[in-house]
2 protein chains.
Amino acid sequence: MPLYLCGELDPDERQAWLAALRASLPDERIEDSLDRLDPAAVDVALVANPPPGSLLGLPALRLVQSLWAGVDRLLADPTLPPRVPVARMVDPAMAAAMAETALWAVLSLHRGFFAYARQQRDERWQVLPQRRADEVRVAVLGLGELGRAAAARLALQGYRVEGWRQGATGSPARADMPVPAHEGASALAPLLAASDIVVNLLPLTPATRHLFDAQRFGAMKRGAALVNLARGAHVVEADLLAALDEGQLSHAVMDVFQAEPLPSGHPFWRHPQVTVLPHIAALTDARSAADSVAVNVRALRTGHPLAHLVDRGRGY
Amino acid sequence: MPLYLCGELDPDERQAWLAALRASLPDERIEDSLDRLDPAAVDVALVANPPPGSLLGLPALRLVQSLWAGVDRLLADPTLPPRVPVARMVDPAMAAAMAETALWAVLSLHRGFFAYARQQRDERWQVLPQRRADEVRVAVLGLGELGRAAAARLALQGYRVEGWRQGATGSPARADMPVPAHEGASALAPLLAASDIVVNLLPLTPATRHLFDAQRFGAMKRGAALVNLARGAHVVEADLLAALDEGQLSHAVMDVFQAEPLPSGHPFWRHPQVTVLPHIAALTDARSAADSVAVNVRALRTGHPLAHLVDRGRGY
């Protein structure tokens, strides 16, 4: 039974993925075009944000394995076959990369490195106050694979880290949390009010869309910073700009945006208190990700349970 | 016997130091002016880069305790009383701050965050290749308190870290090293040739002055980066600019300079591949540093061995 790789990949990425997947699954046939496959035989689709409708006409499909960690676009496709299991990507190299980006952003904010970069632009030499890491309170929102990896890495550096999650059924137990974990809507406001830096790693669902709006920014500690490494639609961008311009927030590190690539002329590009990253906080690493795919494909072939299945009702 | 605090401190710093020192040594008299002390009675000088000659006329002096980790300027004062022990500052909060700055610089280089900052200036959205931490080789030069703290922190993040020291007598044993440690002049060139990022935390001595010159840059891996967190005089600045402009080096993170503050119009300010920091990689934290001072003052009072004594021949 062949595997079908489809999605938005540039030619180099496509070749890298094919090579990595074929190396990790040497006994499987993997193609990136239905012209080279019998669509009626395909039982696994390996997908990277496929255009809507890509998975129609695959009657034998038994697994949709995402190559990306975020599945919000995939689940929004109304033609996604309704009864086929969907698995998210959990790639240890990607989790490490996300923890690195979260740590870099928190170090930059804590130690004033964004402010020093502005000073360099102005040829200004001025020493800013130095705080210890244990004087900096960091909230990590979202405690899935990526949120837990980031929270653990930050706690290891001595930051005062607390986590928050919505508390949907199926979440990992509290005992698996690397930091104190709060749960549910009522726990969010007090955590935001106490935190110097808020790192967003929530999944994008109807409940988290536009979570960061004027009201939520108003509930944050004055002068706090936002690090958005999750999805652009978590943030109402106009409200963020207003919070920065009023001084309610001091800085935002943004890896994701309502529209990507960030349009030319968007105010974030030139805002001195916004750091723009081109959605690179954590790239899936084809080498280790292919091994994760192989584990799930072998489980399917041998009748074992599939890992990292998406709950479509929950949205992740 | 009173303690005399002297050196280049602005009024706020001076008050913070006096308050912290008095809190850590409640039974001692500590003043920052000889007008309020009997100079003939002063037995401890607490110094922060004192102007040359500051310690003349203190016949009872038994300890010069530096509040800063670097003592090269202090030792260069020809009027420094020749037979009085000099102690360096070893402040755990300062070592933590240095490890944070080294980690931030290495993360920024490894993950392309300086390049992404340039992209933001140009409103350019482009994804750069992502390497794993264990694919990045980092050399830490200098394995004193600060070098070891930085090397340990970097190794903890998964970087391939190796250390180098000159190998003077009195260095800590290899068993205390958090990373593989090379020693002596002949070991330096192979390490430089193999390293993607070189972090300098050497003491400034006649042997290390101008260590980073055209020849040494030529011995580095093509496209490597330099992070100088030690002293400006370790680097021949014109040779660094040439190495950057030739592409031999890709980037330099510079916290220290030949002249500080970095003069207006200096080419580093506007160089796209130079990150300028105003000598803030690690500030001594008066709160924890005062406790270190107290340990040495009590040792002096009770006849116990003094800690962190400087070897004037070695220069640190």
Side-chain angles (χ1 to χ4, degrees), chain A residues 10 13 92-94 96-97 99-101 103-108 110-114 116-117 119-134 153 156-158 255 257 260-266 268-271 274-285 287-288, chain B residues 10 13 92-94 96-97 99-101 103-108 110-114 116-117 119-134 153 156-158 255 257 260-266 268-271 274-285 287-288:
Chain A
D10 70 31
E13 280 183 303
M94 187 206 184
E100 288 164 1
T101 300
L103 175 55
W104 165 82
V106 168
L107 278 169
S108 299
H110 157 216
R111 293 296 307 280
F113 293 120
F114 295 127
Y116 287 126
Q119 288 196 25
Q120 178 172 358
R121 242 165 287 166
D122 301 340
E123 301 200 9
R124 192 152 44 88
W125 180 281
Q126 189 192 328
V127 176
L128 304 176
Q130 175 184 290
R131 283 173 301 167
R132 297 193 310 256
D134 65 357
R153 187 82 69 113
L156 194 65
Q157 307 303 314
D255 186 53
F257 305 91
E260 295 179 16
L262 189 64
S264 171
H266 191 290
F268 285 169
W269 281 119
R270 304 233 157 240
H271 199 293
V274 177
T275 298
V276 171
L277 299 174
H279 204 144
I280 54 75
L283 309 180
T284 308
D285 187 313
R287 298 164 296 181
S288 46
Chain B
D10 69 32
E13 280 182 304
M94 187 205 184
E100 287 165 1
T101 301
L103 176 55
W104 166 81
V106 168
L107 278 169
S108 299
H110 157 215
R111 292 295 307 279
F113 293 120
F114 296 127
Y116 288 126
Q119 287 196 25
Q120 179 173 356
R121 242 166 286 166
D122 302 341
E123 301 201 8
R124 193 153 42 89
W125 180 281
Q126 190 191 328
V127 176
L128 304 175
Q130 175 184 292
R131 285 173 298 167
R132 296 193 311 255
D134 65 358
R153 188 81 69 114
L156 194 65
Q157 306 304 313
D255 186 53
F257 305 91
E260 296 179 13
L262 188 65
S264 171
H266 190 292
F268 284 169
W269 281 119
R270 304 230 158 243
H271 199 295
V274 177
T275 298
V276 171
L277 300 174
H279 202 144
I280 53 75
L283 308 180
T284 309
D285 186 312
R287 296 164 297 180
S288 46

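Below, chains carry the letters A, B, ... as their sequence lines are ordered, and counting in each starts from 1. Just so it is clear, the values below take in all heavy atoms, side chains as well, and ignore hydrogens, waters and symmetry mates.
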Just so I know, are the side chains of A:Gln130 and B:Met94 near enough to count as touching, which here means a heavy-atom distance under 4.5 Å? no

d(B:Arg287 CZ, A:Arg132 CZ) to nearest 0.5 Å is 4.5 Å

The reported gap from CG in B:Leu156 to CD in A:Gln157 (rounded to nearest 0.5 angstrom) is 6.5 Å

Would you mind telling me which of A:Ala97, A:Gly158, A:Ser264, A:Gly112 has the largest number of heavy-atom pairs within less than 4.5 Å of chain B? A:Ala97

If only atom types and distance count, is the side chain of A:Arg111 paired as donor or acceptor with the main-chain N or O of B:Ile280 below 3.5 Å? yes

In this structure, CZ of A:Arg270 is separated from CD of B:Glu123 (nearest 0.5 Å) by 4.5 Å

Interchain contact, B:Thr101 with chain A, by part (heavy-atom threshold 4.5 Å): both

Please work out whether the ring planes of A:Trp125 and B:Trp269 are parallel, tilted or perpendicular, with thresholds of 30° and 60°. perpendicular

Output all residues satisfying side chain to side chain donor-acceptor pair (under 3.5 Å) with A:Arg124, sequence neighbours left out; order by chain, then residue number. A:Gln126

Residue part contacting chain B, namely of A:Ala281, when any heavy atom lies under 4.5 Å: backbone

Segment of A:His279 engaging chain B (4.5 angstrom heavy-atom cut-off): both

Is a side-chain donor or acceptor of B:Gln120 paired with a backbone partner of A:Val274 at a separation under 3.5 angstrom? yes

So what's closer than 4.5 Å to chain B heavy atoms on A:Ala117: side chain, backbone, both or neither? neither

Identify which part of A:Phe114 has an atom lying under 4.5 Å from any heavy atom of chain B, answering side chain, backbone, both or neither. neither

In terms of heavy-atom pairs under 4.5 Å, which option from A:Leu103, A:Asp122, A:Leu128 contacts chain B the most? A:Leu103

Highest number of heavy-atom pairs under 4.5 Å with chain A: which of B:Ala96, B:Ala99, B:Ser108? B:Ser108

Interatomic distance, CH2@A:Trp104 vs CZ@B:Phe113, rounded to 0.5 Å, equals 5.0 Å

